[in-house]
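One structure below.
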Amino acid sequence: MTLPWFQNLFPLFLAPMAGVSDKIFRQLCKEYGADVLTTEFVSAEGIFRRNERTREYLDFDEIERPIGVQLFGADAAHMAEAAKQVVEWVHPDFVDLNFGCPVNKVVCRNGGSALLKDCPTLVNVAESVVRAIAPLPATAKIRIGWDADSVNAVRVAKILADAGISALTVHGRTRAQGYSGTADWNVIGEVAAAVPIPVIGNGDLATPSDVAKRRRETGISGAMIGRAAMSAPWIFRETKAFLTNGAIVDPPKLDERWKLILRHCELIVDEWGAEESAIRSMRARLMAYSKSMPEAKRLREKFSQVSMLADVETIAEENISQETRNEGRVEGEIPVTA
């Protein structure tokens with residue numbers, strides 16, 4: 001099945017990230033130019049057993065389309081039934097199968113990247129889901145292998161393409177690497193050359209030039225951005241401009257970044273309906289935002305202690321005022337300190 005977001009386009013995907021790519025963050029990234037979104041990964045067993053908390057992870061708004069729901073699990077029958085339920089409940093544009101997650105609690109249940117070591121089960125899961133949700137497309141995400149001695153991404157990609165998977169995302173690390181070391185884009189390029197379906201590259205895409213370089217060198221059909229978007233969701237806007245005509249778009253000014261941060265906090269408070277727990281849940285997200293800001297270390301310390309929206313507003317006011325004073329200094333002037 002030809003997916004419309006690949007037709008004469010090079011789509012930019014926001015990576016599904018547990019605890020990060022919730023509905024609010026997805027929509028912010030969409031505003032900054034992300035083309036295709038995917039939910040945080042969802043347990044097929046939880047859906048199969050109709051667990052209400054699991055179902056909450058499926059929530060999305062129409063403005064997020066095209067959007068897929070990512071499932072993980074290893075029981076083919078349960079995965080197929082869960083996928084059918086997802087389609088009936090929320091009508092996503094595709095269902096994505098997680099064959100790449102390296103986290104122990106997923107792998108120990110033979111899910112995620114564990115299936116890279118068990119190709120018969122992997123193909124059984126893929127074929128079952130493809131049949132269950134047809135004609136809705138099923139996609140998949142993999143890593144390049146379990147470890148350095150078992151890099152099998154090309155073989156797995158061919159198996160998945162033959163099973164009816166419509167597009168494949170390849171993260172250029174092994175399961176053993178976790179998120180350390182560097183992504184192997186040579187293997188991603190080999191996968192792109194080996195299968196007739198679109199291949200989306202993922203791993204170490206921190207700048208627009210990174211995306212352009214990997215597109216040029218590997219022949220990928222799209223790019224998936226994860227950790228870079230956590231600190232700079234505007235990377236999608238910058239990357240689109242760079243890919244279109246080589247234009248370098250300046251990152252947002254400090255006041256725009258603070259407006260984004262405050263808006264993110266306000267939206268999460270509205271969504272949760274409980275200010276203190278919502279803001280506490282934002283601490284790690286705020287620390288990620290600080291990476292692209294002046295005096296990041298000091299900001300991280302402050303963000304680690306916020307409990308109310310007013311705390312974040314105070315930090316924003318202090319930093320905007322400080323930046324304004326810095327900009328107003330005469331070049332070469334030495335600031336006076338107490």
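What you see is a predicted model; the values in this text were computed from it and never measured.
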Note: [X]-[Y] ion pair, threshold 4.0 Å (strictly below):
| X | Y | answer |
| --- | --- | --- |
| Glu217 | Lys213 | yes |
| Arg263 | Glu266 | no |
| Glu318 | Lys302 | yes |
| Arg49 | Glu45 | yes |
| Asp96 | Lys141 | no |

Mark yes or no for whether [X], through its side chain, and [Y], through its backbone, hold a donor-acceptor pair below 3.5 Å.
| X | Y | answer |
| --- | --- | --- |
| Glu275 | Leu309 | yes |
| Asp61 | Glu64 | no |
| Arg26 | Ser21 | yes |
| Asp35 | Leu12 | yes |
| His91 | Val87 | yes |
| Asp147 | Ser150 | yes |
| Asn319 | Ala316 | no |
| Trp185 | Gly203 | yes |
| Lys30 | Arg65 | yes |
| Ser113 | Cys101 | yes |

Starting from [Y], can I reach [X] by hopping between I/L/V/M/F/W/Y residues whose side chains sit under 4.5 Å apart?
| X | Y | value |
| --- | --- | --- |
| Val154 | Val195 | yes |
| Val156 | Val187 | yes |
| Leu37 | Trp89 | yes |
| Val95 | Ile67 | yes |
| Phe242 | Tyr32 | no |

Cation-pi check for Phe10 against Arg215: NZ or CZ below 6.0 Å from the six-membered ring centre and within 45 degrees of the axis, yes or no? yes
Cationic tip of Arg285 within the cone over Phe25's six-membered ring, i.e. under 6.0 Å and within 45° of the normal? yes
Nearest non-hydrogen partners of [X] and [Y], listed with the distance:
| X | Y | answer |
| --- | --- | --- |
| Ile279 | Cys265 | CD1-CB, 4.0 Å |
| Arg173 | Gly181 | NH2-O, 3.0 Å |
| Arg143 | Pro102 | NH2-CG, 3.6 Å |
| Val69 | Thr39 | CA-OG1, 3.4 Å |
| Ala241 | Val249 | CB-CG2, 3.3 Å |
| Ile235 | Ala206 | CD1-O, 3.4 Å |

How long is the gap from [atom1] on [X] to [atom2] on [Y], to the nearest 0.5 Å?
| X | Y | atom1 | atom2 | answer |
| --- | --- | --- | --- | --- |
| Met282 | Trp272 | CE | CH2 | 10.5 Å |
| Ile268 | Ser277 | CD1 | OG | 9.5 Å |
| Met79 | Ser43 | CE | OG | 9.5 Å |
| Lys240 | Asn245 | NZ | CG | 13.5 Å |
| Met17 | Asp22 | CE | CG | 10.0 Å |
| Lys23 | Leu267 | NZ | CG | 10.0 Å |

Could you walk me through whether Val170 and Val199 pass the side chain to side chain contact (heavy atoms under 4.5 Å, CB included) test, one step at a time? CA-CA 7 Å; Val170 183; Val199 171; 4.1 Å; yes
My understanding is that only one of Ile188, Ile200, Asn202 makes a side chain to side chain contact (heavy atoms under 4.5 Å, CB included) with Ile220; could you say which? Ile188
Quick check on the 6.0 Å ring-centre criterion: do Phe72 and Phe41 meet it? yes
Between Tyr289 and Trp258, is the ring centre distance below 6.0 Å? no
Do Trp234 and Glu256 have side chains that approach each other closer than 4.5 Å (heavy atoms only, starting at C-beta)? no
Is there a side-chain contact between Phe236 and Phe13 in this structure, where contact means two heavy atoms from C-beta onward sitting under 4.5 Å apart? no
Side chain to side chain contact (heavy atoms under 4.5 Å, CB included) evaluation trace for Ile159 with Cys119: CA-CA 8 Å; Ile159 288 171; Cys119 287; 4.0 Å; yes
Apply side chain to side chain contact (heavy atoms under 4.5 Å, CB included) to Glu276 and Ser307, showing your working. CA-CA 5 Å; Glu276 185 170 353; Ser307 298; 4.2 Å; yes
For side chain to side chain contact (heavy atoms under 4.5 Å, CB included), just list the numbers for Leu28 and His264, CA-CA rounded to whole Å, side-chain angles, deciding distance to a tenth of an Å, and then say yes or no. CA-CA 8 Å; Leu28 293 174; His264 194 163; 3.7 Å; yes
Do we see a donor-acceptor contact under 3.5 Å between the side chains of Asp210 and Thr207? yes
For atom CZ of Phe94, is the number of surrounding heavy atoms from other residues, nucleotides or ligands below 6.0 Å larger than 12? yes
Near Arg298 CZ, under 6.0 Å, is it more than 12 heavy atoms from other residues, nucleotides or ligands? yes
